[in-house]
Structures are given as structure tokens and as C-alpha cells.
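A short worksheet on the structure shown next.
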Amino acid sequence: MNAPHDENELIQRRHAKLAALRARGVDPFGSRFPVTHWAGRLTGLLTTAREEELKEVGPVSVAGRVLTLRHHGKTCFATLRDYTGTIQLYARADQLGEEYGLFTDLDAGDFIGVTGELFRTRTGELTIAVKAWTFLAKALRPLPEKWHGLRDLETRYRQRYLDLVVNPEVRQLFRLRSRLVKELREFLDARGFLEVETPMMQPIPGGAAARPFVTHHNTLDLDLYLRVAPELYLKRLVVGGLDRVYEINRNFRNEGISTQHNPEFTMLEFYQAYADYGDLMELTEALVCHLAQILLGSLTLAYQGEQVDLTPPWRRLGFFDALAEVLQTDVSPRTEASRVRQLAAAAGISVEQDAPSAKLWKGLFEKLVEPTLIRPTFVVEFPIELSPLSKRNRDNPALAERFELFVARLEVANAYTELNDPEEQLARFKQQAAERERGDEEAHWLDRDFVRSLEYGMPPTAGEGIGIDRLVMLLGDLPSIRDVILFPQLRPETES
RNA sequence: GAGCCGUUAGCUCAGUAGGUAGAGCACCUGCCUUUUAAGCAGGGGGUCGGUGGUUCGAUCCCACCACGGCUCACCA
């Protein structure tokens with residue numbers, strides 16, 4: 001990694017050019033420029049126009065970054081790019097006079113504003129014959145190479161602006177992400193959901209089993225935690241009569257970083273009163289298919305070499321059924337603890353002395369089942385101990401009415417019928433508190449106000465969280481969460 | 001946190017079985033009035049991630065450090 005203040009010949013030359021411009025009275029960092037046309041619209045809309053029609057358009061003004069210059073004696077071609085696309089510029093010494101010298105002295109990366117007439121070159125490319133132009137911003141650093149782009153992952157993540165300038169697929173991806181979130185909102189709005197915002201800084205971090213970040217409010221002299229989930233606040237809103245709510249925003253978890261984990265990540269959580277987890281499976285199928293259809297134009301997608309068909313209905317796989325299958329033996333919540341320990345040890349899972357069976361089931365599931373979940377699969381009926389906020393299954397109280405959605409090995413969603421019995425919720429919290437006592441830093445905290453809210457009555461409700469970053473990874477066919485987050489978390493750059 | 005791999009010119013990459021390094025693009029000079037990875041001729045540019053060690057000599061071997069990637073652990 002190069003230090004940010006390095007000086008090399010290329011940069012020094014550009015500084016010299018900058019000084020020379022100023023000495024001539026040219027402002028290398030111009031101000032506003034009235035744009036009449038966008039490059040991408042011009043080249044897009046006028047591909048078939050005849051020469052006379054181009055003339056009728058009259059003078060056009062475009063602004064953007066110069067990407068390449070092709071000097072050709074007393075003429076010069078340049079490629080200009082703005083937010084919408086690129087267009088070619090054509091400058092002639094006999095048209096621009098003294099200005100021509102300045103134009104040919106442009107560097108790749110400079111921002112300019114240009115006014116001129118449209119014409120078509122011999123090879124048919126729509127081009128602006130430059131009549132007048134102005135500096136909008138001088139680039140003092142050279143851009144990465146036009147042909148190979150920027151490959152170095154570290155530089156791409158640290159200097160995302162460069163990645164965006166030179167790698168078109170990256171620009172595309174973040175537009176896809178933006179459209180996905182917009183479509184998500186429209187989908188939920190159309191079904192009567194209300195978008196809300198709940199605290200990111202919480203005195204009691206709740207709603208997920210995860211270690212929080214701590215911060216401190218000076219005036220209140222109070223430790224606050226960045227939220228690990230909005231869940232408990234959203235359910236309070238359901239108590240308050242907001243029957244359908246959702247929130248799309250960041251969660252923060254103070255845990256490891258990997259290709260699937262960033263310390264801050266974006267989550268959609270939504271709650272629907274009078275529904276259960278079965279309703280949400282159908283809603284989830286509709287939602288994901290809608291997004292795929294709109295964004296990819298298809299219900300089939302390729303993720304890292306795997307073909308995935310999203311056509312519903314999706315497979316529903318019982319948590320213990322899946323384990324029984326891979327373990328080749330009958331297992332259930334009633335399997336004796338010693339047997340569970342034996343199975344976990346055989347699978348190479350670290351077995352702590354007093355690890356509860358549920359934790360071992362979870363370990364076995366993650367190690368043996370998750371890697372096989374390619375096609376869209378709702379894993380249903382988790383051990384109740386792993387789901388302290390969800391309702392017991394009406395047919396088997398050892399299981400939760402819960403599902404997790406896996407697609408192409410990615411865990412994309414987690415949902416359950418919400419526990420709305422305040423007494424049982426309190427008991428479950430106390431059980432978690434006991435595990436916290438025993439050193440489980442990820443066990444849930446006891447939130448008494450949340451229990452109090454349930455005591456006022458929460459209608460039967462189903463709730464779901466969808467990891468937006470992972471959904472974007474899936475639809476964008478990207479291997480790392482860092483590829484779908486504009487500024488992923490990295491260690492600070494060191495000055496060498 | 002552990003293991004493995006990587007770090008060479010602005011960018012993308014070669015390379016040196018230890019004798020201080022090359023290419024393409026970019027850059028500089030000259031020529032060129034419809035080019036488009038423009039072309040032609042010439043030229044400049046590197047503390048080979050950092051610090052130590054071994055050696056007559058280290059970019060190359062060794063150790064430590066930094067940053068990154070992958071896998072594992074933890075989680076979503």
C-alpha cells in the first residue's frame with residue numbers, strides 16, 4: 001500500500017501544470033457549469049439519428065471527467081464521462097485557437113465542461129465538436145490503467161472512489177444495490193407496511209445473540225450500545241398498534257470479520273401482526289422473486305458457479321430432519337445430552353464441558369447441513385433454546401416456530417412467530433441471563449421494559465430479518481460482503 | 001484469535017536457482033486535421049511493504065513487524 005502523500009514524477013508534473021495554469025490566469029478548479037445534456041443520454045438516444053437531425057439538436061453542453069486523450073496532430077479526440085455514460089469529444093486547432101494548446105495539455109482524470117455541436121465521425125461514433133470548454137477540476141493524481149482497471153483488492157476497498165472511477169461493474173453493482181433497497185420499500189409499502197426508525201444507540205442491546213459495541217454519552221454519563229438488532233423496539237411498536245412496520249438500517253456486531261461478516265451491516269426487519277412464520281415464508285418467496293425478476297429479469301441466477309432456481313415454492317427442511325439425514329441416525333430435541341456430545345465430537349466440533357445440547361445441534365447444523373444448502377431452502381423448527389424471542393411450535397413445544405432461509409449457502413433471512421406471552425418471555429430472558437452468568441457473552445440481555453410492553457398485550461405477530469448485504473451478494477454474484485459495501489471495515493492504513 | 005498465501009514502476013503483471021530488475025498501459029520529447037487499447041520515432045521513471053539477521057554481496061535465504069486475501073473459530 002502506498003502512503004497517501006507519495007510524490008512521484010507523474011504527480012509532480014501535474015502540480016507543475018496546475019501552477020502554469022494559474023500563472024496564465026486559468027482557474028483549474030472552476031465553479032458551476034450549466035449542463036444541457038448527459039453523455040449517456042446523447043449516445044443512447046441518438047445512435048440512429050441522421051446528420052441533419054444531429055444539427056437540429058444545436059449546441060450541447062456536457063460536463064465530466066476526461067478518461068483518455070488521443071492526440072492527432074492539429075486535432076485531438078477525448079473521451080468524456082459523466083454519471084450517465086461517455087461521449088467522444090473532438091477538438092481542432094483551427095476551431096479553438098490558443099485554447100487548443102490547453103486542451104491537448106489535459107490529463108486523464110481532469111474534469112471539464114464542454115460546449116459544441118454533435119456530428120458523427122467516419123467510423124460512425126457520435127461526437128461533440130468542441131467550440132468552447134472550461135476547466136472544472138484538475139486531477140493531480142494519475143488514474144489506474146484504462147485497460148486492466150484497478151484489481152488490487154486492498155486499494156479497491158480503501159480507495160473506493162478509484163474503484164468506482166475505473167471499474168464499471170462496481171458502479172453497476174452499487175446501482176443494483178440502491179435499486180434493490182428501493183424495490184424492497186415499494187414492495188412493503190404496497191402491502192401496508194410502515195417504515196419506521198428506532199434507536200441505534202440502546203441502553204440494553206437486544207434482539208439478537210451477539211456482542212455489542214459500547215459507547216458513552218457524556219451528559220447522561222451513560223454507557224450505550226450500538227444496536228445488534230432493532231427487533232425489541234419494532235415489537236414495542238406492534239404493541240402500540242402499528243400492525244405492520246419495517247426498518248432498513250445498520251446493525252452493529254462486535255465480532256469477527258469475514259467474507260460474510262462486516263461489523264456494520266444492513267438489515268431489513270419487518271413485523272406483521274396476526275400472521276405467523278408460515279405467512280412470512282410465502283411473503284419471502286414473493287419478495288425475493290420480485291427482486292430477482294425486477295433486477296435480473298429472471299428467476300434463475302448463477303452464484304459463484306452454482307445455478308440457482310428461485311421458482312417457488314421453496315423446499316422446507318426441518319432442522320432435525322436435516323441433521324438426521326446427514327448424521328444417518330435418528331435425532332430429536334429429546335436425544336440425550338451424552339449422545340449429542342458424542343455426535344458433535346465425531347463431527348470435529350469443539351465440545352465444552354457443560355455446553356448445552358442446543359449449542360451442539362447448532363454447531364452440527366452449521367458444519368454439516370449449511371454447506372449443502374444451494375437451492376432456496378427454508379430451514380424450519382429450530383430448538384427453542386436457540387430462539388429465546390420466538391413462539392413455541394404449536395405441535396412440539398421443544399421447537400420454535402422459526403425459519404432461516406438459505407440460498408447458495410448464504411443465510412439470507414431469519415424469521416419466526418413472535419413470542420407474545422410476557423410471562424414466558426420473562427422466563428426465557430432469565431434463562432439467557434443465566435447463560436450470560438456462565439460466560440456466554442452473546443446471550444440475550446434481560447429487557448424489562450420490553451417484557452412490560454408485552455404485558456400490555458401484543459397481538460400474534462410474525463417477524464423477519466433479511467440481510468441486505470447478502471441479498472445483494474446473491475443477486476450481484478459476488479463472493480465477499482466487502483464487494484457490496486461501499487466502505488468495508490479495514491485496519492487503518494499505515495504510513496510507511 | 002490460529003494456519004496458509006501475497007506485497008516488485010502511477011496501474012496490470014513478469015523476473016532474479018543471491019551479483020541492486022523488465023514488459024504492456026500510463027508519463028515525457030518530436031511527427032501526425034476523423035482517432036478510438038490511434039500510430040510512428042526517441043526518452044525518463046523503482047529505497048522490489050518495513051526492520052533486523054546470514055553473506056564479500058540480499059528484491060531473492062532467515063526472523064520479526066505492518067497491511068491484505070483465503071480457510072478455520074465466532075456470528076447474520
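None of the values given here were measured: they were computed from a predicted structure. The sequence lines fix the lettering, A, B, ..., with proteins before strands; numbering per chain opens at 1. Just so it is clear, the values below take in all heavy atoms, side chains as well, and ignore hydrogens, waters and symmetry mates.
- Take A:Arg13 and apply the side chain to side chain contact (heavy atoms under 4.5 Å, CB included) test, not counting sequence neighbours, and it matches A:Glu9.
- The distance from atom CG of A:Leu389 to atom C1' of B:A76 is 15 Å, rounded to the nearest whole Å.
- Nucleic acid contact class of A:Gly149 (heavy atoms, under 4.0 Å, all strands): sugar-phosphate only.
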Pairing string of RNA chain B (Watson-Crick or G-U wobble, both atom distances under 3.5 Å; | = paired to other strand) is (((((((..((((.....[..)))).(((((.......))))).....(((((..]....))))))))))))....

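- Rounded to an integer number of Å, the gap from CZ of A:Phe103 to P of B:U33 is 17 Å.
- For A:Leu10, counting side-chain heavy atoms from C-beta on, the closest listed nucleotide (B:C27, B:G69, B:U33) is B:C27.
- Distance noted for atom P between B:C61 and B:U8: 15 Å (whole Å).
- If you check every strand for non-hydrogen atoms under 4.0 Å, A:Ala229 touches nothing.
- Note on A:Glu442 versus A:Lys359: no salt bridge recorded, every NZ/NE/NH1/NH2 to OD/OE distance being 4.0 Å or above.
- Counting distance only, with no hydrogens placed and no angle test, the side-chain atoms of A:Glu125 and the base atoms of B:U34 include no donor-acceptor pair under 3.5 Å.
- Contact annotation for A:Leu143: no contact, since no heavy-atom pair falls under 4.0 Å across all strands.
- One finds no side-chain N or O of A:Arg470 lying less than 4.0 angstrom from the OP1 or OP2 phosphate oxygen of B:A76.
- Here the P atom of nucleotide B:G10 and the CD atom of A:Gln159 are 13 Å apart, to the nearest Å.
- Along RNA chain B, the nucleotide nearest to A:Asn414 and the one nearest to A:Thr79 differ in position, and the one closer to the 5' end is contacted by A:Thr79.
- Here A:Leu150 lies in heavy-atom contact (under 4.0 Å) with sugar-phosphate atoms only.
- Legend: side chain to side chain donor-acceptor pair (under 3.5 Å) pairs involving residues 369-381 of chain A, not counting sequence neighbours, sorted by first then second residue: A:Tyr277-A:Glu381, A:Arg315-A:Thr377, A:Glu381-A:Asn393.
- In A:Arg491, the CZ atom is not crowded: 12 or fewer heavy atoms of neighbouring residues, nucleotides or ligands sit closer than 6.0 Å.
- Taking the side chain of A:Arg92 as heavy atoms from C-beta on, and the options B:C74, B:C70, B:U33, the nearest nucleotide is B:U33.
- In this structure, A:Glu370 places its CD atom 13 Å from C1' of B:C74, rounding to the nearest Å.
- Each of A:Arg120 and A:Lys362 lies near RNA chain B, and the nucleotide nearest A:Arg120 is the one positioned closer to the 5' end.
- No N or O donor and acceptor, one from the side chain of A:Thr75 and one from the base of B:U34, sit under 3.5 Å apart.
- Counting any heavy atom pair closer than 4.0 Å across all strands shown, A:Lys367 reaches no nucleic acid atom.
- In terms of the side chain to side chain contact (heavy atoms under 4.5 Å, CB included) criterion, residue partners of A:Val340 (sequence neighbours excluded) are, by chain and number, A:Thr335, A:Ser357, A:Leu360, A:Trp361.
- For the ring pair (Phe, Tyr, Trp, His ring centres under 6.0 Å) test, residues two or more places apart in sequence or in another chain that qualify with A:His290 are A:Phe187.
- Contact annotation: A:Asn8 reaches the phosphate of B:G10 (side-chain N/O to OP1 or OP2, under 4.0 Å).
- A close approach under 4.0 Å does occur between a side-chain nitrogen or oxygen of A:Arg122 and OP1 or OP2 of B:U35.
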Assess the residue pair A:Leu173 and A:Val472 against the criterion (side-chain contact (heavy atoms from CB on, under 4.5 Å)); give the C-alpha distance rounded to whole Å, side-chain angles, the decisive distance to 0.1 Å, and a yes or no. CA-CA 8 Å; A:Leu173 186 274; A:Val472 176; 4.1 Å; yes

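- Which of B:C13, B:G69, B:U33 sits closest to the side chain of A:Arg151 comes down to B:C13.
- In this structure, A:Glu411 atom CD and B:A76 atom P are separated by 7 Å, rounded to whole Å.
- The separation between A:Leu126 atom CG and B:U34 atom C1' is 14 Å, rounded to whole Å.
- Within the nucleic acid shown, A:Asn167 has no heavy atom closer than 4.0 Å to any nucleic acid atom.
- A:Asp107 has its CG atom 12 Å from the C1' atom of B:C28, to the nearest Å.
- Under the salt bridge (Lys or Arg N to Asp or Glu O under 4.0 Å) criterion, the residue pairs touching residues 86-103 of chain A are A:Arg92-A:Asp94, with sequence neighbours excluded.
- Aromatic ring orientation, A:Phe429 versus A:His444: tilted (interplanar angle from 30° to 60°).
- Using a 4.0 Å cutoff on non-hydrogen atoms, the parts of residues 250-259 of chain A near RNA chain B are A:Arg253, A:Glu255, A:Gly256, A:Thr259, ordered by number.
- Counting non-hydrogen atoms under 4.0 angstrom, A:Glu442 reaches the backbone sugars and phosphates but no base.
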With sugar-phosphate taken as primed atoms, P, OP1 and OP2 and all else as base, the protein-contact string of nucleotides 37-43 of chain B at under 4.0 Å (heavy atoms; B, S, -) is BB-----

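- Look at A:Arg156 and you won't find any side-chain N or O under 4.0 angstrom from OP1 or OP2 of B:G68.
- A gap of 8 Å separates the C1' atoms of B:A73 and B:G1, to the nearest Å.
- Going from the C1' atom of B:G46 to that of B:C27 covers 15 Å, rounded to whole Å.
- Residue pairs that meet the ring pair (Phe, Tyr, Trp, His ring centres under 6.0 Å) test with at least one member in residues 91-121 of chain A, sequence neighbours left out, are A:Tyr90-A:Phe119, A:Phe103-A:Trp133.
- Residues A:Asn251 and A:Phe265 meet the side-chain proximity criterion, which asks for heavy atoms closer than 4.5 Å.
- Between the CD atom in A:Gln172 and the CG atom in A:Asn167 there is a gap of 12.5 Å [rounded to 0.5 Å].
- Look at CZ on A:Phe213: it is 14 Å from P on B:A76, rounded to the nearest Å.
- Identified under the ring pair (Phe, Tyr, Trp, His ring centres under 6.0 Å) test for residues 41-62 of chain A, with sequence neighbours left out: none.
- Among the heavy atoms of the strands, none lies under 4.0 Å from A:Lys359.
- Partners of A:Tyr271 by ring pair (Phe, Tyr, Trp, His ring centres under 6.0 Å), not counting sequence neighbours: none found.
- Applying the salt bridge (Lys or Arg N to Asp or Glu O under 4.0 Å) test to every pair with at least one member in residues 109-130 of chain A, sequence neighbours left out, gives these pairs: A:Asp110-A:Lys138.
- Residue-level contact check: A:Tyr90 touches the bases, meaning some heavy atom is under 4.0 Å from a base atom.
- Contact annotation for A:Asp469: no contact, since no heavy-atom pair falls under 4.0 Å across all strands.
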